[in-house]
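Following: one structure in structure tokens, then a few remarks.
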Amino acid sequence: MRPTVHDIAAAAGVSLATVDRVLNQRPGVRLVTREKVEAAIRQIGYIRDVAAANLAKGRVYPLVFIVPTGDNSFMHGLRLEVHHATLRASIERTDIRIVEVPAFDVPSLVAALDALQGQNIAGVALVATDAPEVRAAVDRLVSERIPVVTLVSDLTDSARHHYAGIDNIAAGRTAARLLGRFLGGREGDITVLAGSMLVRDHRERLQGFSAVMAEEFPKLRLLPVLEGRDDPERTKTLISKALSERKDIIGIYSLGAGNRGLIAALKAVRPERELTVVVHELTQHTRAALVEGTIDAVLNQDAGHEVRSAIRVMKATADGQAVIADQERIRLDIFLKDNLP
């Protein structure tokens, strides 16, 4: 039978009111009495129901989400999911604030993180740009006992507590296998489009993609990565120029989420140019392109799951509770025209 506060009171020889003060870290208990209660807790193996205690105290968790601005449709969706989370604030006992920074802007991200030092917050979630300055800023927050969760793109060498996102190396490998199988043994060039190689998720996807291409599809040659920086016009110009200059391009892998410019460039050369295209993130633009046959497959991560996972992890970490790994694993979905939700 699970030990209760009554068992603690009996083992320590104190009142229930004293046990309550010790459990909730309230004043009015002598040091020797506090130590007796804590010893009784350890002796009988009492496990505190933190969620119930916080509910009783009316605790609210102040949380901060730092997300990039720009024309990336997936990031727009991520911000929308954070906004939806604010509407559940009274139920989940959260107070969520959104801080926006320019995409891929290291100084702005560092400034946003440093501005949170000394504030009364229960956790920070950020879409990380992989740079030493960002890792140092994250580590400074962690040193102040503030839980930090990375979203979508990770900082593996930092002291962050958790990463809420897909396995990006596996995603890149999956994209390579799809593209290679779709092309059916043909020989030709593959163009790779990224937002920026400053973010770890793009680098890891490229790593996985390149490995499978080299191992299993040697007839497919990877061209240098094009960086569109989530700018539709820049992306359209880069892809249009590449297709115009290189007639051997037969496939495109967009490993970021800024796909509007890519889709515009593809529509300009279809149906004269036969291309096989795999992209990331299901948005209104990639959905329409998939239905129309402009692209062939979409690899997707659930932004809503990532936001909900980040909130659960920040709250659990703030309470010193363990994270349930299986619950927080983010799934990679593969969508074709035929299985769109």
Side-chain angles (χ1 to χ4, degrees), residues 21-29 31 34 48 50-51 53-69 75 78-79 81-83 85-165 198-200 306-323 328:
R21 290 192 188 96
V22 173
L23 287 175
N24 292 295
Q25 300 180 342
R26 288 199 286 266
V29 182
L31 178 60
R34 184 178 297 276
R48 188 183 184 206
V50 176
N54 286 338
L55 182 61
K57 291 187 293 183
R59 179 179 181 183
V60 173
Y61 297 81
L63 306 175
V64 177
F65 280 80
I66 304 177
V67 295
T69 58
M75 291 303 170
L78 185 73
R79 284 196 294 277
E81 292 296 343
V82 178
H83 174 70
T86 66
L87 303 180
R88 304 190 299 269
S90 60
I91 299 172
E92 299 181 346
R93 293 176 293 115
T94 57
D95 178 13
I96 295 174
R97 176 159 50 105
I98 301 174
V99 175
E100 295 186 335
V101 297
F104 316 124
D105 187 327
V106 170
S108 294
L109 181 53
V110 170
L113 290 166
D114 283 344
L116 299 175
Q117 292 186 50
Q119 295 190 23
N120 178 30
I121 51 179
V124 178
L126 72 148
V127 179
T129 298
D130 190 11
E133 301 93 329
V134 178
R135 284 194 291 274
V138 165
D139 290 351
R140 287 193 288 272
L141 287 179
V142 173
S143 70
E144 293 192 3
R145 304 176 67 84
I146 296 174
V148 177
V149 174
T150 51
L151 279 169
V152 182
S153 188
D154 199 10
L155 280 175
T156 56
D157 297 327
S158 71
R160 62 96 177 112
H161 294 85
H162 185 78
Y163 163 58
L198 287 174
V199 287
R200 182 177 288 270
E306 289 169 334
V307 169
R308 293 189 296 273
S309 176
I311 291 171
R312 284 193 297 268
V313 170
M314 287 188 284
K315 290 172 66 176
T317 305
D319 288 335
Q321 301 297 298
V323 173
E328 310 309 339

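By convention here, the first residue in the shown sequence is residue 1.
S158 pairs by the side chain to side chain contact (heavy atoms under 4.5 Å, CB included) definition with R135, V138, D139, L155, R160, not counting sequence neighbours. Take T317 and apply the side chain to side chain donor-acceptor pair (under 3.5 Å) test, not counting sequence neighbours, and it matches no residue. Residues meeting the side chain to side chain donor-acceptor pair (under 3.5 Å) test with E144, sequence neighbours left out: none. For D95, there are no salt bridge (Lys or Arg N to Asp or Glu O under 4.0 Å) partners, not counting sequence neighbours. Partners of R97 under the salt bridge (Lys or Arg N to Asp or Glu O under 4.0 Å) rule, at least two apart in sequence or in another chain, do not exist in this structure. In this view, S108 and D105 satisfy the side chain to side chain donor-acceptor pair (under 3.5 Å) rule, not counting sequence neighbours. Checked against side chain to side chain donor-acceptor pair (under 3.5 Å), R79 has the following partners two or more places apart in sequence or in another chain: H76, E100. Applying the salt bridge (Lys or Arg N to Asp or Glu O under 4.0 Å) rule to E81 yields no partners; only residues at least two apart in sequence or on another chain are considered. Remark: A316 pairs with Q321 by the side chain to side chain contact (heavy atoms under 4.5 Å, CB included) rule, at least two apart or across chains. For A131, the side chain to side chain contact (heavy atoms under 4.5 Å, CB included) criterion is met by V106, E133, V134, not counting sequence neighbours.
Residues Y163 and L151 share a closest heavy-atom pair of CE1-C, 4.5 Å. H162 approaches S309 most closely through the heavy-atom pair NE2-OG, 4.2 Å. The minimum heavy-atom distance linking V99 with A112 is given by the pair CG1-CB, 4.1 Å. Between A85 and I96 the shortest heavy-atom distance is CB-CD1, 3.7 Å. In terms of heavy-atom proximity, L113 sits nearest to A137 at CD1-CB, 3.7 Å. Of all heavy-atom pairs between V67 and L78, the closest is CG1-CD2, 4.1 Å.
Only one option out of T150, D154, D130 pairs with R200 in a side chain to side chain donor-acceptor pair (under 3.5 Å); it is D130.
Judged purely by atom type and a 3.5 angstrom limit, H161 uses its side chain to pair as donor or acceptor with the backbone of V148.
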### Task
Please step through side chain to side chain contact (heavy atoms under 4.5 Å, CB included) for the pair I146 and L116, ending with a clear verdict.
CA-CA 10 Å; I146 296 174; L116 299 175; 5.6 Å; no

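Atom CD1 of I311 and atom CE of M314 lie 6.0 Å apart (nearest 0.5 Å). Atom CD1 of residue I66 and atom CG of residue L109 lie 6.0 Å apart, to the nearest 0.5 angstrom. Atom CG of L63 sits about 11.5 Å away from atom CD1 of I98, to the nearest 0.5 Å. Taking OG1 of T86 as the start and NE2 of H83 as the end, the distance is 5.0 Å to the nearest 0.5 Å.
Contacts classified as salt bridge (charged side-chain N to carboxylate O under 4.0 Å, His left out) and involving residues 108-117 (residues at least two apart or in different chains) are given here: D114-R140. Residue pairs satisfying the salt bridge (charged side-chain N to carboxylate O under 4.0 Å, His left out) criterion with at least one member in residues 307-317, sequence neighbours excluded, are listed as follows: R312-E328.
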